[in-house]
Amino acid sequence: MNITKANGSAEYALLDKLKKRSAETDEKIVSAVTTIINSVKEQGDDAVREFTARFDGAVPKNTVLEKEELQPYLDEADDDFKTALINAKNNIYDFHLRQAQQSWMTTKSNGVIMGQRVRGLKRVGIYVPGGTAAYPSSVLMNAIPAKIADVEEIIMVTPPGREGKPNPDIMAAAAVASVDRVFLVGGAQAIAALAYGTQKIPKVDKIVGPGNIFVATAKKLLYGVVDIDMIAGPSEVLVVADKTTKPSYLAADLMSQAEHDKMASSILLTTSMDIAKATVKEIERQIKYLARQEIIEQSLNDYGEIIVCENLDQAIDFANELAPEHLEMCVEEPLKYIGRLDNAGSVFLGSFSPEPLGDYYAGPNHILPTSGTARFFSPLSVDSFIKKSSFIYYTRPELEKAKDDIIKLADTEGLTAHANSIKVRFE
């Protein structure tokens, strides 16, 4: 990894590099995905089968698994994996349960009643990648908040394997998370099917979950036809460290994110040149024992950086500017800085709160804003699966008290029919 001394400009050149990485999608991909979307919209399941055969190599004999068909996958799962899934589910459920909102109503002394109704969406689609990027943890992170929000039906889509069979670990996670139905279809065709509905796959109100560039592009193009969680870019971790942190921890954490993808970004901000150099040596030592060495090397070479800052204040200012997906504060007094960490998807405090803790187990969601969008986006939550509507009740005397103000505002805006709607009630 390259080591750079922060000087007010060199470190910000990295921001430009990362922005280019997250630039607009290639026009050829947009064109290909548009063709897939239009075909599914017009031809339904026939188009879905055609694209499944073309891209996944096989069309399953049975493309849908009902809720009761998921339990055998959990029963047959490795005991340790099953225990880990259930423990993670309990932590995720406990964290997200605290986000649940209630409907409310207020009655004023003059008889006016107002309030807000909160309810879950009717049907939600969860996309779960297959193949080498099969993440059972994402099933839990997407489905559990939806369950807490009282979504009526959770539909999961995931690509079939080359033999036309589902990934058993993903199915076990779906059973733990109480997914209602699973369709063995992936890619842009799955997103289109969820957005428009086909003869077999029901139309949903919202689509959540990560995917490749084709899935992300389909979600982006179909936003408005259906709601989505966010447009996810490559994964990122920003680690802030002082001289007290062990370089072996820092190296391990940087590589844990780099192994996701060659486009992933792993950045270390430290106040110590000695720590910076020692971390590079630790990366060279540890990487020899890791399965995804080639991916890690390219990711760190292209989008990794170690920046030596003058002090932690400078590091935190840069962290807020970068707005990373994951922010680790591996410093002596991490809680001291939490009130200043304004832009990050998820914050990990201290040397014993590494990013994988959040990915799998602690409870907060790992579906997070990327590419600097943590400046204005939030992690997936129970709020992502609810909708709100307000209600108003006025008596005749109270409307009469307000009528002149309302008529004046309506007339000022030139909306005479609005004003008339009030006037006719008192003629």
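Below, all heavy atoms of this structure are taken into account, side chains as well, without hydrogens, waters or symmetry copies.
- Of all non-hydrogen atoms in Lys122 and Val151, the two that sit nearest each other are O-CG1, 4.0 Å.
- Looking only at distances, no side-chain donor or acceptor of Ser299 sits under 3.5 Å from a matching main-chain atom of Ile296.
- The two residues Asp229 and Val208 have their closest heavy-atom pair at OD2-CA, 3.4 Å.
- Taking each heavy atom of Leu368 and Met230 in turn, the nearest pair found is O-SD, 3.3 Å.
- Environment of NZ in Lys41: sparse, with no more than 12 heavy atoms of neighbouring residues, nucleotides or ligands closer than 6.0 Å.
- Annotation: ring pair (Phe, Tyr, Trp, His ring centres under 6.0 Å) contacts of Phe214 (sequence neighbours excluded): none.
- Atoms CE and CG, from Met329 and Leu269 in turn, are 9.5 Å apart once rounded to the nearest 0.5 Å.
- Under the 4.5 Å side-chain criterion, counting only non-hydrogen atoms from C-beta, Leu290 is not in contact with Glu259.
- In terms of modelled atom types and a separation under 3.5 Å, the side chain of Asp205 and the main chain of Leu121 share no donor-acceptor contact.
- In this structure, the side chain of Glu297 does not engage the main chain of Glu294 through any donor-acceptor pair within 3.5 Å.
- In this structure, a donor-acceptor pair under 3.5 Å is absent between the side chains of Ser346 and His366.
- Sparse packing is recorded around OH of Tyr289, with 12 or fewer heavy atoms of other residues, nucleotides or ligands lying under 6.0 Å away.
- Inter-residue side-chain proximity for Tyr135 and Pro210 is flagged as unmet; no heavy-atom pair is nearer than 4.5 Å.
- Side-chain atoms of Ser248 and Gln286 form no donor-acceptor pair, as typed in the model, at a separation below 3.5 Å.
- Side-chain N or O atoms of Glu355 include none that pairs as donor or acceptor with a backbone N or O of Glu328 at under 3.5 Å.
- Minimum interatomic distance between Arg181 and Phe183 (heavy atoms only, all atoms of both residues): NH1-CZ, 4.0 Å.
- By the 4.5 Å heavy-atom criterion applied to side chains, Val382 and Gln101 are not counted as neighbours.
- Rounded to the nearest 0.5 Å, atoms CG (Leu97) and CD1 (Ile144) are 11.5 Å apart.
- Heavy-atom neighbours of Phe318 CZ from other residues, nucleotides or ligands within 6.0 Å: above the threshold of 12.
- Here the side chain of Asp242 pairs no donor or acceptor atom with the backbone of Leu312 at under 3.5 angstrom.
- Considering only heavy atoms from C-beta on, Tyr393 stays 4.5 Å or farther from Thr107 through its side chain.
- If you take OG on Ser266 and CG on Leu300, they are separated by 5.5 Å, rounding to the nearest 0.5 Å.
- Of the possible donor and acceptor atoms, none in the side chain of Gln189 sits under 3.5 Å from a partner among the backbone N and O of Val40.
- Counting only heavy atoms from C-beta outward, the side chains of Asp313 and Arg340 approach each other to under 4.5 Å.
- When each of Ile170, Asp169, Ile154 is paired with Val139, the side-chain contact (heavy atoms from CB on, under 4.5 Å) condition holds for Ile170 and for no other.
- Between Lys246 and Glu282 there is no salt bridge, since no side-chain N of the basic residue sits under 4.0 Å from a carboxylate O of the acidic one.
- The environment of Glu163 atom CD is sparse: at most 12 non-hydrogen atoms of other residues, nucleotides or ligands sit within 6.0 angstrom.
- At distances below 3.5 Å, not a single donor-acceptor pair connects side-chain atoms of Lys219 with backbone N or O atoms of Ile228.
- Between Glu284 and Lys281, none of the side-chain N atoms (NZ, or NE/NH1/NH2) sits under 4.0 Å from a carboxylate O, so this pair counts as no salt bridge.
- Residues Asp359 and Ser137 form no side-chain contact, since every pair of their non-hydrogen atoms from C-beta on lies 4.5 Å or further apart.
- Note that the CD1 atom of Ile306 and the CD1 atom of Ile283 stand 5.5 Å from one another [nearest 0.5 Å].
- With rounding to the nearest 0.5 Å, the separation of CE in Met114 from CZ in Phe391 is 10.0 Å.
- Heavy atoms only, all atoms of each residue included: Thr271 and Val308 are closest at C-CG1, 4.4 Å.
- Remark: side-chain polar atoms of Arg123 are paired, donor with acceptor, to backbone N or O of Lys203 under 3.5 angstrom.
- Between Tyr12 and Glu321, some side-chain heavy-atom pair lies under the 4.5 Å cut-off.
- Between Ser371 and Glu236 the shortest side-chain heavy-atom distance falls below 4.5 Å.
- The two residues Thr158 and Pro129 have their closest heavy-atom pair at OG1-O, 3.8 Å.
- A donor-acceptor contact closer than 3.5 angstrom links the side chains of Ser389 and Arg119.
- A donor-acceptor pair under 3.5 Å is formed between the side chain of Ser265 and the backbone N or O of Tyr303.
- The main-chain N or O of Val237 is never found under 3.5 Å from a side-chain atom of His326 such that the two would form a donor-acceptor pair.
- Of the inter-residue distances, the one linking Lys220 atom NZ with Ile213 atom CD1 reads 8.5 Å to the nearest 0.5 angstrom.
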Fill in: Residues Gln71, Asp75; criterion side-chain hydrogen bond (donor to acceptor under 3.5 Å, both in side chains); working and verdict
CA-CA 6 Å; Gln71 187 61 38; Asp75 295 338; 2.9 Å; yes

